[in-house]
Amino acid sequence: MPTVPVRLAAAGYDVTVEPGALDLLGSLAAALPGVGRRCAVVTDSNVGPLFLGRATRALAAAGFEPAAVTVPAGEASKSLDEAGRCCVELSRLGIDRKSFLVALGGGVVGDLAGFVAAIHLRGIPFIQVPTTVVAQVDSAVGGKTGVNTAAGKNLAGAFHQPVAVAADPLTLATLPAREYNEGFAEVIKHAAIRDPAMLDGLAAAAARADPAALAPLLARNVAIKAAIVAADERETTGTRALLNFGHTLGHAIEAEAGYGNLLHGEAISLGLRAALWLSERRAGLDPAFSRRVLAALAAFDLPLVLGPEFDAHRLLARAGADKKFEGGQIRFVLLRAPGDAFVARDLSPADLAAALAELRAAPEPP
Ligand SMILES: NC(=O)c1ccc[n+]([C@@H]2O[C@H](COP(=O)([O-])OP(=O)(O)OC[C@H]3O[C@@H](n4cnc5c(N)ncnc54)[C@H](O)[C@@H]3O)[C@@H](O)[C@H]2O)c1
Ligand SMILES: [Zn+2]
């Protein structure tokens, strides 16, 4: 099986990236030490009808007794209320300390089910079975779990690493085009900060010709995320901050648009363009590399121009309230060169304003 190891101080795990990995769920679970037969698959109302049957059949064939918990599809399910309902349901279903959960779905299900696994009976193991591009290249790896609160996104949660991850590229075939494309904003981000050669192999992925052929690309992204997480498991050394490339202004744009109006990856596409422009001016990045990255974003129909409905002052205020600003200093990830990212601390609000102004017009054609 093609696996990518995630090497952590305590318990590492393997990410299996393979066409048909969904059907291997039973054998992956059977290889886990000390788990009982009872388990529960947590999924959402879109993913359940597509893949729940296969997931439970794979588990049952390996001798497990899977129950299922289905939450409504959508970001609103990442809530303390929904997590509480899941815990009650798990107790009713007899999920005990020897049981494990399976998170079957996109990042919403992964974050929610991971959080429920962290708190149910003070923590039980869980397996991630990511079914979106975002989840396969990003959220299923790294152990950040959590929910949103009335005060903001991802404000309650826990570090709780999965015991295994099974990413099946064939599940991506049913993703709507917008959800598919937005995931590639994170792929292109990974390319920019760690693996620029990855940009050359994206044309087939943009064409969506053969989901099975995505496996090596997905595995490469998992390896990048895994290496960064291994270097900074709990976000204390600063390495993990490099994953925020494009995210300082991207998050501000996403929030200002109103969550759900611009998808995360669409907002990050704009944030990446701003970060590249600042990297050219403040860190000496070759503009030819920026043009390559922008062409890659455009190939996935990701936006590159900030509409007039966005007010620059409001965006800057949002960015100022962002957790990436530490003690009044702007921490902003820049590129010195392709694949060489660092956290700059000397950017001013005027720099960010200039980058936003740049986003108002279409970029020069490559
Ligand atoms: N934990 C982390 O490190 C991390 C990293 C990035 C993002 N996230 C979180 O992930 C969430 C976003 O994840 P997402 O983009 O996967 O969204 P999502 O889970 O909402 O999935 C997007 C949509 O696609 C549907 N769907 C999922 N798989 C499908 C499939 N194979 N076929 C058809 N439809 C399918 C879902 O039901 C949903 O409607 C956010 O809450 C974000 O905060 C977490
Ligand atoms: Zn992101």
Side-chain angles (χ1 to χ4, degrees), residues 6 22 42-52 54-55 70-79 82 103-115 118 126 128-148 152-162 165 167-190 193 211 214 221-222 225-226 228-229 233 235 240 242-251 253-255 259-260 262-272 275 302 324 333:
V6 185
L22 178 56
V42 181
T43 191
D44 76 23
S45 51
N46 289 336
V47 179
L50 294 168
F51 305 122
L52 180 60
R54 271 171 63 198
T70 302
V71 303
E75 186 71 28
S77 281
K78 258 181 65 173
S79 69
E82 196 60 53
L104 173 68
V108 164
V109 166
D111 282 13
L112 171 71
F115 180 59
F126 82 116
Q128 289 270 23
V129 184
T131 64
T132 65
V133 178
V134 169
Q136 294 191 356
V137 303
D138 188 354
S139 62
V141 175
K144 280 193 185 176
T145 75
V147 296
N148 309 321
K153 251 184 79 81
N154 297 323
L155 290 182
F159 283 102
H160 190 52
Q161 299 286 348
V165 182
D168 186 341
L170 298 180
T171 62
L172 303 177
T174 46
L175 265 186
R178 246 183 112 184
E179 274 76 11
Y180 178 84
N181 285 332
E182 71 144 338
F184 282 88
E186 307 291 352
V187 169
I188 292 164
K189 174 195 79 179
H190 284 155
I193 64 171
L214 292 173
N221 279 276
V222 168
K225 174 100 192 246
I228 290 176
V229 168
E233 195 178 334
E235 211 159 9
R240 216 164 161 152
L242 302 180
L243 293 169
N244 287 327
F245 185 60
H247 278 60
T248 301
L249 288 170
H251 275 149
I253 293 167
E254 182 182 13
Y259 285 109
L262 267 188
L263 297 180
H264 175 74
E266 294 169 346
I268 294 313
S269 178
L270 291 160
L272 287 170
L302 291 165
K324 283 169 286 298
V333 184

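For ligands, and for the atoms within them, numbers begin at 1 and follow the listed sequence. Fair warning: this is a prediction, and the values are worked out from it, not measured in the lab.
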What atoms in ligand 1 come closer than 4.0 Å to a heavy atom of [X]?
{"X": "Glu182", "result": "15 (O)"}
{"X": "Ala73", "result": "37 (O)"}
{"X": "Thr171", "result": "30 (C), 31 (N)"}
{"X": "Lys144", "result": "1 (N), 3 (O)"}
{"X": "Lys153", "result": "40 (C), 41 (O), 42 (C), 43 (O)"}
{"X": "Glu75", "result": "40 (C), 41 (O)"}
{"X": "Phe51", "result": "31 (N)"}
{"X": "Asn154", "result": "43 (O)"}

Counting heavy atoms only, which part of [X] comes closer than 4.0 Å to ligand 1: side chain, backbone, both or neither?
{"X": "Lys225", "value": "side chain"}
{"X": "Lys78", "value": "side chain"}
{"X": "Thr131", "value": "both"}
{"X": "His264", "value": "neither"}
{"X": "Asn148", "value": "neither"}
{"X": "Asp111", "value": "side chain"}

Quiz item: Yes or no on side-chain contact (heavy atoms from CB on, under 4.5 Å) for Asp111 and Lys144, after CA distance, side-chain angles and deciding distance?
Solution: CA-CA 7 Å; Asp111 282 13; Lys144 280 193 185 176; over 6 Å; no

Closest protein heavy atom (residue, atom, distance) for [atom]:
{"atom": "atom 4 (C) of ligand 1", "answer": "Ser139 CB, 3.2 Å"}
{"atom": "atom 26 (N) of ligand 1", "answer": "Val47 CG2, 3.7 Å"}
{"atom": "atom 29 (C) of ligand 1", "answer": "Leu175 CD2, 3.6 Å"}
{"atom": "atom 30 (C) of ligand 1", "answer": "Thr174 OG1, 3.5 Å"}
{"atom": "atom 21 (O) of ligand 1", "answer": "Thr132 CG2, 3.7 Å"}
{"atom": "atom 39 (O) of ligand 1", "answer": "Asn46 ND2, 2.9 Å"}
{"atom": "atom 14 (P) of ligand 1", "answer": "Gly107 N, 3.5 Å"}
{"atom": "atom 22 (C) of ligand 1", "answer": "Glu179 CG, 3.9 Å"}

Quiz item: So is Glu186 in contact with ligand 1, going by heavy-atom distances below 4.0 Å?
Solution: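 Not so, Glu186 does not reach ligand 1.
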
Practice problem: Counting heavy atoms only, name the option from Val71, Val108, Leu104 that's nearest to atom 18 (P) of ligand 1. | Solution: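 The residue whose heavy atom sits nearest atom 18 (P) of ligand 1 is Val108.
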
Exercise. Out of Asp138, Asp168, Val141, Leu263, indicate the one that has the non-hydrogen atom closest to atom 6 (C) of ligand 1.
Key: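 Among Asp138, Asp168, Val141, Leu263, the closest heavy atom to atom 6 (C) of ligand 1 comes from Asp138.
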
Quiz prompt | Glu186/Lys225 salt bridge by N-O under 4.0 Å criterion | solution =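 Salt bridge between Lys225 and Glu186, a charged N being under 4.0 Å from a carboxylate O: no.
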
For [X] and [Y], work out which heavy atoms get closest and say how close.
{"X": "Ala267", "Y": "Gly250", "result": "CB-O, 3.4 Å"}
{"X": "Val147", "Y": "Phe115", "result": "CG1-CD2, 3.8 Å"}
{"X": "Ser139", "Y": "Gln128", "result": "O-NE2, 4.2 Å"}
{"X": "Val165", "Y": "Pro130", "result": "CG1-CD, 3.9 Å"}
{"X": "Leu22", "Y": "Ala55", "result": "CD1-CB, 4.1 Å"}
{"X": "Asn46", "Y": "Ala73", "result": "ND2-CB, 3.3 Å"}

Exercise. Run the numbers on Ile228 and Arg240 for side-chain contact (heavy atoms from CB on, under 4.5 Å), then give the verdict.
Key: CA-CA 6 Å; Ile228 290 176; Arg240 216 164 161 152; 4.3 Å; yes

Self-check item: Close side-chain approach of Phe51 to Thr171, heavy-atom, < 4.5 Å
Solution: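 Of all side-chain heavy-atom pairs linking Thr171 with Phe51, at least one is under 4.5 Å.
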
Practice problem: Check whether any side-chain heavy atom of Asn154 sits under 4.5 Å from a side-chain heavy atom of Lys78, and report yes or no. | Solution: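 Yes. Closest side-chain heavy atoms under 4.5 Å.
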
Quiz prompt | Check against side-chain contact (heavy atoms from CB on, under 4.5 Å), Lys189 and Leu272 | solution = CA-CA 7 Å; Lys189 174 195 79 179; Leu272 287 170; 4.2 Å; yes

Quiz item: Mind checking whether Asp44 has an N or O less than 3.5 Å away from an N or O of ligand 1?
Solution: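 Among all N and O atoms of Asp44, at least one is under 3.5 Å from an N or O of ligand 1.
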
Exercise. Output yes when the distance from some N or O of ligand 1 to some N or O of Thr145 is under 3.5 Å, and no in every other case.
Key: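 No; the residue has no nitrogen or oxygen that sits under 3.5 Å from a nitrogen or oxygen of the ligand.
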
Practice problem: Verify side-chain contact (heavy atoms from CB on, under 4.5 Å) between Thr131 and Leu104, making sure each step is shown before the conclusion. | Solution: CA-CA 7 Å; Thr131 64; Leu104 173 68; 4.0 Å; yes

Exercise. Using the Zn ion (ligand 2) as the apex, give the angle to atoms NE2 (His264) and OE2 (Glu186), rounded to 10 degrees.
Key: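 Centred on the Zn ion (ligand 2), the NE2/OE2 angle is 90° (to 10°).
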
Self-check item: Passing option when Asn221 is tested against Val137, Asp138, Leu214 for side-chain contact (heavy atoms from CB on, under 4.5 Å)
Solution: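 Answer after filtering Val137, Asp138, Leu214: Val137.
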
Exercise. Determine the interplanar angle of the Phe126 and His160 rings, folded into 0 to 90°, and report it as parallel if under 30°, tilted if 30 to 60°, perpendicular if over 60°.
Key: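 The arrangement is parallel - the two ring planes meet at less than 30°.
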
Quiz item: Where does the angle between the aromatic ring planes of Phe184 and Tyr180 fall among parallel (under 30°), tilted (30 to 60°) and perpendicular (over 60°)?
Solution: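 Tilted: the ring planes of Phe184 and Tyr180 meet at 30° to 60°.
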
